[in-house]
A.B. asks: 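Mind having a look at this structure? Questions to follow.
Quick note on labels: first sequence line is chain A, next is B, and so on, each numbered from 1.
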2 protein chains.
Amino acid sequence: MPRKKEVVNPDTENKIKEAAKKVFLSQGYEGATVRQIAQEAGVNVALMNYHFQSKEQLFKSIYMESFGAFFGSIVRLLNEETPLEVKIWKIVDRYTDFLIENPMIPIFVLAEHRKDGNSLFKELNVREVVKTSYFTKQLQEEAEKGTIRPVNPLHVIFSLMGNLIFPVVARPIISYVGSLDEAGFRQFMEERKKIIPEMIMAYLKSR
Amino acid sequence: MPRKKEVVNPDTENKIKEAAKKVFLSQGYEGATVRQIAQEAGVNVALMNYHFQSKEQLFKSIYMESFGAFFGSIVRLLNEETPLEVKIWKIVDRYTDFLIENPMIPIFVLAEHRKDGNSLFKELNVREVVKTSYFTKQLQEEAEKGTIRPVNPLHVIFSLMGNLIFPVVARPIISYVGSLDEAGFRQFMEERKKIIPEMIMAYLKSR
DNA sequence: GTCTATAGAGCGATAGAC
DNA sequence: GTCTATCGCTCTATAGAC
């Protein structure tokens with residue numbers, strides 16, 4: 001007697017999502033075509049739209065899911081009650097690993113916001129979350145105590161982000177200029193895990 | 001007797017180029033349409049193609065021109081025989097001003113290199129120019145003298161670039177999170193002209 | 001140089017069979 | 001759930017009049 005096979009497909013949707021991430025990443029949203037994605041996933045366009053309704057829905061589904069999870073994890077980190085310096089090292093470490101695994105996220109976010117008016121950020125209330133985060137408070141308190149220089153938290157946050165995100169977005173350029181293969185690039189990113197916090201702390205403690 | 005009017009149009013091409021910069025910047029290469037560009041320029045598609053042959057040629061014409069000029073200016077700066085710290089301040093200052101005026105350049109460059117295999121960089125021989133630049137040599141010499149810590153020049157260069165380029169690429173995000181209008185963003189960038197060199201120098205001099 | 005009109009390719013999406 | 005076939009639209013590019 002044959003085994004039951006009852007439930008439909010466990011992972012067609014995941015197969016499509018993974019294919020879509022890959023294609024969106026290399027082609028951008030506009031540059032990607034539904035035919036490309038379907039081919040990469042080994043299915044046809046009709047099936048893709050059966051599961052995700054449209055190209056735009058498919059994109060949003062990937063985008064929201066990855067970014068939402070990531071943002072939640074960063075917010076938790078920002079609000080942790082660890083000392084400032086430890087926190088900065090942890091942020092850099094976790095953020096770097098996440099970005100190496102999910103390079104499409106910053107590229108999508110940057111592209112989206114150029115045209116879309118920050119809709120996702122508004123939905124997640126990013127502005128208030130940053131402004132009221134324990135991290136922001138810590139920077140102010142430490143400055144008052146005189147352990148670091150006084151600083152606009154936005155500059156610290158965007159210096160961190162620039163240093164973390166830029167290498168991922170500019171990966172092909174870095175690999176070319178530094179003659180780095182896959183392993184070489186990973187090595188480069190591991191080195192940055194040390195350099196970035198050192199640089200931020202050196203700045204905060206100087207003067 | 002009527003004045004001569006001899007030469008054809010002085011600035012149709014410039015009008016089209018400016019329109020194209022604007023549209024490519026907000027829509028990306030794939031997202032932009034030739035109709036949009038033509039409308040923005042106040043001409044029709046046929047005229048646009050009369051001057052620039054195709055969408056791709058138009059893009060390359062803008063891209064090559066702006067990036068080539070910019071790269072030339074940076075190379076001159078890297079090779080100037082000014083002291084390291086002065087040079088870093090000058091690079092940040094000039095680069096920031098350029099990027100505020102030409103935000104489409106990094107966006108184009110990053111998008112191009114994700115798909116195109118660094119063709120422009122190879123043509124300009126960026127790798128060798130960086131490796132043999134006086135700036136790279138300076139970092140090594142100063143480290144030997146013990147005035148700064150020993151460091152892989154690539155990390156310095158990409159930290160500089162990340163800090164300079166990221167705010168331009170992420171401008172809508174920064175403006176949203178910081179509640180900044182046009183003037184507020186410029187102010188933010190002016191502040192960074194001071195913070196970025198201080199941060200790099202604090203790192204190089206620490207330990 | 002500049003226009004109108006349109007050819008020809010490729011796109012996203014869906015109807016309908018299985 | 002998955003397929004084939006195709007619709008209707010928009011895109012880039014160009015022919016041809018002025």
A.B. asks: I'd like to know if A:E101 and A:R94 make a salt bridge, using a cut-off of under 4.0 Å between side-chain N and carboxylate O.
C.D. replies: no
A.B. asks: Looking at the side chain of B:A46, which of C:dG12, C:dT4, D:dA13 is the nearest nucleotide?
C.D. replies: C:dT4
A.B. asks: Nearest whole angstrom, please: distance from the P of D:dT2 to the CD1 of A:I16.
C.D. replies: 8 Å
A.B. asks: Could you state the atom-to-atom distance from CD of A:E30 to C1' of C:dG10 in whole Å?
C.D. replies: 15 Å
A.B. asks: Is any side-chain N of the basic residue among B:E56 and B:K60 closer than 4.0 Å to the acidic one's carboxylate O?
C.D. replies: yes
A.B. asks: Considering just the side-chain nitrogens and oxygens of A:Y50, establish if one lies under 4.0 Å of OP1 or OP2 belonging to D:dG1.
C.D. replies: yes
A.B. asks: For the pair made of NZ in B:K15 and C1' in C:dG1, what is the distance, rounded to whole Å?
C.D. replies: 11 Å
A.B. asks: Identify whether the distance between the nearest side-chain nitrogen and carboxylate oxygen of A:E198 and B:R149 falls below 4.0 Å.
C.D. replies: yes
A.B. asks: Can you tell me the distance, in whole Å, between the CG atom of A:N49 and the C1' atom of D:dT2?
C.D. replies: 13 Å
A.B. asks: So, is A:N44 close to the D:dC3 phosphate, meaning a side-chain N or O under 4.0 Å from OP1 or OP2?
C.D. replies: yes
A.B. asks: Does A:R35 get its side chain close enough to the base of C:dG10, under 3.5 Å, for a donor-acceptor pair?
C.D. replies: no
A.B. asks: Over how many whole Å does the gap from A:F52 atom CZ to D:dT2 atom P extend?
C.D. replies: 11 Å
A.B. asks: Quickly work out the B:Q53 CD to D:dT14 P distance and round it to whole Å.
C.D. replies: 9 Å
A.B. asks: Hey, which of these two, A:T33 or A:L47, hits DNA chain C nearer its 5' end, going by closest nucleotide?
C.D. replies: A:T33
A.B. asks: Does this structure show an ion pair linking A:E182 with A:R186, if we count only N-O contacts that are shorter than 4.0 Å?
C.D. replies: yes
A.B. asks: Tell me which nucleotide among C:dC3, C:dT2, D:dA13 gets nearest to the side chain of B:S54.
C.D. replies: D:dA13
A.B. asks: Just how far, in rounded Å, is P of C:dG10 from CD of A:Q36?
C.D. replies: 13 Å
A.B. asks: Looking across every strand, which nucleic acid part, if any, lies under 4.0 Å from B:A32 by heavy atom: base, sugar-phosphate, or nothing?
C.D. replies: sugar-phosphate
A.B. asks: Return the value, rounded to whole Å, for the distance between atom CG of B:N14 and atom P of C:dG1.
C.D. replies: 14 Å
A.B. asks: Does the distance from a Lys or Arg side-chain N to an Asp or Glu carboxylate O, for A:E40 and A:K21, drop under 4.0 Å?
C.D. replies: no
A.B. asks: Measure from the side-chain heavy atoms of A:H51 and tell me the nearest of C:dG12, D:dT2, C:dG1.
C.D. replies: D:dT2
